Amino acid sequence: MEVPEAANVRVRIAPSPTGFAHLGTASTALYNVLFARQSRGTFALRIDDTDQERNRPEYEQLIYESLGWLGLNWDEGPDRGGPYAPYRQSERVDLYRQYAAKLLADGKAYKCFCTAEELEAERRQAQFEKRPYKYSRRCLIDPPKDRTEFAVRFKVPGGEVKFKDMIRGEMVFDADLIGDFILMKSDGFPTYQFASPVDDAAMKISHVIRGEEHLSNTPYQLMIIDALAYERPVAYAHMPLILAKDGAKLSKRKHPESNLMLYREQGYLPEALINYLALLGWNPGTPQEIFTFDELVKVFSFDRVQHAGARFDWEKLNWINGEWIRAMDDAELVRRLRPFLPDLDDATIMRAVPALKTRMVKLADAVPLLDYLWTDPEPPVLEPDAIDRIKAAFAAIQDVRWEPEPLHEALTRVADESGVSRNKTFMPIRLSLTGKKISLPIDYTLALLPKDVAMQRLRRVAG
RNA sequence: GGCCCCGUCGUCUAGUGGACUAGGACGCAGCCCUCUCAAGGCUGAGACCGCGGGUUCGAAUCCCGCCGGGGCUACCA
């Protein structure tokens with residue numbers, strides 16, 4: 001489908017700082033950024049912190065950190081300002097109150113004094129009578145005189161609400177089915193349904209790109225924009241949801257893989273996560289699977305976005321991450337590896353990289369492969385002929401230059417002379433050096449260790 | 001319950017009436033390479049296109065019904 005023309009493309013993401021930064025936030029941020037960059041538009045970050053109960057400043061920090069790590073940089077936001085500041089909803093409360101007052105004055109909203117219990121009773125009654133629930137409008141029809149605490153409720157005008165979705169085409173909703181909903185909570189804060197469209201309009205957002213969970217919310221928000229006589233966004237795009245293995249929407253509580261920081265901690269490359277996220281719910285229509293960010297900017301389009309939710313799959317992510325690691329420049333890989341290997345210097349990491357590269361799915365995988373360099377493993381108990389082979393190897397490498405290649409030559413020579421498989425010689429050495437059955441190739445395993453340490457570990461096993 | 005979205009190999013997907021004996025990728029299996037583990041190469045298994053009706057000479061592709069999944073329906077976002 002054609003992307004509607006807009007003189008000035010302005011998009012935004014509006015995460016809530018209610019816990020760790022979410023994978024879904026990264027996903028929608030990515031699509032927003034891609035669209036902004038390819039249309040030379042502006043990408044804004046707005047913090048939707050109207051939930052007094054659950055918001056925390058440190059969670060907001062986590063959002064900055066996570067998106068920054070992924071390289072999904074915003075042009076406007078609470079931390080860097082912009083022409084539509086402030087970008088934190090908690091700092092825009094006056095605006096919402098002002099608009100709520102206007103709607104009240106215009107008779108497009110009304111005060112609701114109902115308690116949570118009364119509302120709950122209404123809802124239960126409707127369910128009991130098996131009819132769809134809509135607020136009864138009792139506070140519109142016959143407001144109680146003796147109460148002071150109130151919320152502001154929108155008087156839903158009903159009728160048809162139509163809008164354009166860049167993925168699904170023309171959408172039509174029947175607003176007669178929508179009950180009057182809350183605009184301002186009794187704590188004086190706006191609800192998401194109110195604050196979000198007000199800000200989108202005030203910030204001149206041209207395209208609202210967000211998760212599919214908001215598709216049904218769109219008519220609510222459009223009615224508010226209309227009631228306020230604001231201009232509507234040019235178009236919406238509701239992206240398919242990222243689903244967990246169980247098929248449900250990824251949730252913070254149930255699915256730890258929704259935590260963005262997890263990926264950084266385990267050593268997934270931001271490039272790889274971006275690559276994977278792009279492919280979850282979108283495809284290029286070509287066999288290409290590995291994409292840089294710039295390539296994505298060139299080829300991404302909403303008409304190739306999936307309509308159905310996509311399940312998150314570690315295996316595919318692992319593969320993409322491995323591809324990125326293998327393709328990475330050695331020096332750059334050293335730089336990325338550094339935080340995972342605080343006990344090693346760059347020179348050592350650099351020497352390990354050629355052998356390491358094809359053996360890592362994620363950066364943290366380097367640790368079990370190299371930890372014998374800074375820890376002293378238990379000496380293994382070996383058979384007599386294994387000890388003999390270590391002795392032979394020991395003699396053979398005694399005066400060899402301490403590099404993988406000459407070590408390889410010397411070692412294969414003695415191994416082949418033994419008449420049995422090379423493994424019979426290499427495995428005892430591996431065990432003596434690392435205490436493990438799995439390690440880098442034996443020449444690297446030796447060469448990475450200082451010669452005296454290596455020889456000492458062999459000597460104590462083979463006497 | 002109501003409304004909305006969706007339904008192709010285990011997973012991500014190609015496919016928009018005939019080139020489909022349904023293609024690719026991940027994963028899986030086997031073989032090759034090989035000092036372990038990977039990487040790499042080759043081969044293979046795996047989808048009666050959710051089900052049932054139509055329309056059509058012809059349907060994964062169009063229509064209807066059903067079933068299944070997800071989302072929204074909060075003084076959460």
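Because the structure is predicted, anything quoted here is derived from the model rather than measured. Chain A is the first sequence line, chain B the second, and so forth, proteins listed ahead of strands; every chain is numbered from 1.
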Measuring from the side chain of [X] (C-beta onward, heavy atoms only), which nucleotide among [options] has the closest atom?
X        : options             : value
A/Asn423 : B/C35, B/A38, B/A77 : B/C35
A/Arg304 : B/U73, B/A77, B/G15 : B/G15
A/Arg326 : B/G40, B/C6, B/C75  : B/G40
A/Ile442 : B/C35, B/U36, B/A14 : B/C35
A/Leu215 : B/C75, B/C6, B/C5   : B/C5
A/Arg359 : B/U36, B/C75, B/G2  : B/U36
A/Arg168 : B/C4, B/G70, B/C5   : B/C5
A/Lys249 : B/C3, B/C5, B/G70   : B/G70
A/Phe426 : B/A77, B/C6, B/C35  : B/C35
A/Glu213 : B/G71, B/C26, B/C37 : B/G71

Quick one: look up who [N] pairs with, Watson-Crick or G-U, both distances under 3.5 Å, and put none if it's unpaired.
N     : value
B/U16 : none
B/C9  : none
B/U21 : none
B/C72 : B/G2
B/C66 : B/G50
B/U34 : none
B/C28 : B/G44
B/U61 : none

Surrounding [atom1] of [X] (heavy atoms of other residues, nucleotides or ligands, distance under 6.0 Å), is the total greater than 12?
X        : atom1 : answer
A/Lys155 : NZ    : no
A/Glu405 : CD    : no
A/Lys424 : NZ    : no

What interatomic distance, in whole Å, is found between [atom1] of [M] and the corresponding atom of [N]?
N     : M     : atom1 : answer
B/A47 : B/C3  : P     : 37 Å
B/G70 : B/U56 : C1'   : 34 Å
B/G7  : B/C66 : C1'   : 14 Å
B/C26 : B/G41 : P     : 10 Å
B/C12 : B/C48 : P     : 16 Å
B/G68 : B/C57 : P     : 35 Å
B/G24 : B/C67 : C1'   : 30 Å
B/G69 : B/C51 : C1'   : 15 Å

Looking at [X] and [N], is any side-chain donor or acceptor paired with a base atom of the opposite kind under 3.5 Å?
X        : N     : value
A/Ser439 : B/C37 : no
A/Thr358 : B/A38 : yes
A/Arg430 : B/C35 : yes

How would you label the contact of [X] with the nucleic acid (heavy atoms, under 4.0 Å): base, sugar-phosphate, or nothing?
X        : answer
A/Asn217 : base
A/Ser196 : nothing
A/Glu53  : nothing
A/Gly281 : sugar-phosphate
A/Asp174 : nothing
A/Gln52  : nothing
A/Phe189 : nothing

Can you check the [X] [atom1] to [N] [atom2] distance for me, whole Å?
X        : N     : atom1 : atom2 : result
A/Leu279 : B/U11 : CG    : P     : 17 Å
A/Leu440 : B/A39 : CG    : P     : 14 Å
A/Gln125 : B/G1  : CD    : P     : 19 Å
A/Met223 : B/C72 : CE    : P     : 17 Å
A/Glu212 : B/C3  : CD    : P     : 17 Å
A/Ile182 : B/A77 : CD1   : C1'   : 16 Å

- Query: So A/Ser27 and A/His22, side chain to side chain donor-acceptor pair (under 3.5 Å) or not? Walk me through it.
  - Reply: CA-CA 9 Å; A/Ser27 172; A/His22 196 273; over 6 Å; no
- Query: Strictly under 6.0 Å, is that where the ring centroids of A/Trp314 and A/Tyr263 end up?
  - Reply: yes
- Query: Less than 6.0 Å separating the ring centroids of A/Phe300 and A/Phe302?
  - Reply: yes
- Item | Nearest-0.5 Å distance that lies between atom CG in A/Leu23 and atom CG in A/Leu262 | 9.0 Å
- When the nearest nucleotide of RNA chain B is assigned to A/His307 and to A/His214 on a heavy-atom basis, which residue is associated with the more 5' position? A/His307
- Item | Whether A/Tyr236 and A/His238 hold their rings parallel, tilted or perpendicular, with breakpoints at 30° and 60° | parallel
- Task: From the options A/Phe181, A/Tyr110, A/Phe194, select the one residue that forms a ring pair (Phe, Tyr, Trp, His ring centres under 6.0 Å) with A/Phe154.
- Result: A/Phe181
